[in-house]
Amino acid sequence: MQTNFANALKTYVNWDKEGRPTDPSDIRRIMEESSQKSAKNTDRSNVLDAWVNNGVRALTADDPSNVSCPVRSPQFL
């Protein structure tokens, strides 16, 4: 979970620095650039589609404190 938190925080900081874009492709790019990469995974994305969907939903919401993300990781159930 420490890695997830670090990735989320870095994504938020970088998204804010770039002027808080709302385009999903911009948000995905920021997530890709902000997430920690495994040495074994150099040629593929390490950002899951569900993360992008939830990230876009949270980062573009009028009220981010009231966002429902339907895709949940089993570790949080």
Side-chain angles (χ1 to χ4, degrees):
M1 282 203 330
Q2 291 173 341
T3 300
N4 289 344
F5 177 75
N7 289 342
L9 179 60
K10 194 170 178 185
T11 295
Y12 178 83
V13 168
N14 291 334
W15 171 76
D16 189 49
K17 283 182 183 177
E18 290 199 26
R20 298 181 174 207
T22 57
D23 184 89
S25 63
D26 290 335
I27 293 173
R28 181 179 194 106
R29 177 187 48 77
I30 292 167
M31 292 176 80
E32 292 281 354
E33 293 169 356
S34 302
S35 63
Q36 297 174 0
K37 307 280 190 278
S38 166
K40 297 176 185 177
N41 183 16
T42 58
D43 61 338
R44 297 184 329 252
S45 172
N46 62 324
V47 176
L48 301 176
D49 289 337
W51 296 350
V52 175
N53 293 337
N54 290 342
V56 168
R57 188 177 291 112
L59 293 174
T60 60
D62 290 333
D63 180 6
S65 67
N66 193 25
V67 172
S68 168
C69 295
V71 178
R72 293 188 175 92
S73 173
Q75 67 191 20
F76 298 115
L77 296 178

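These values consider heavy atoms only, across backbone and side chains, with no hydrogens, waters or symmetry-generated copies. All figures in this text were calculated on a predicted structure; none of them were measured in a lab. One-based numbering along the sequence shown.
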Could you pull out the closest heavy-atom pair between S35 and N7, with the gap in Å? CA-OD1, 3.4 Å
Are the side chains of L59 and R20 in touch, meaning some heavy atoms are under 4.5 Å apart? no
Could you state the interatomic distance from CG (N14) to CD (E32), rounded to the nearest 0.5 Å? 13.0 Å
Crowding at CG, D62 (>12 non-hydrogen neighbours, <6.0 Å): no
Are I30 and E18 packed together at the side-chain level, in the sense that at least one heavy-atom pair is separated by less than 4.5 angstrom? yes
Is there side-chain contact between D49 and R28, with heavy atoms separated by less than 4.5 Å? yes
Which pair of heavy atoms, one from T11 and one from S34, lies closest together, and at what distance? OG1-CB, 3.4 Å
Output for pair (L9 CG, N4 CG), nearest 0.5 Å, gives 12.5 Å
Who are the salt bridge (Lys or Arg N to Asp or Glu O under 4.0 Å) partners of D23, not counting sequence neighbours? none
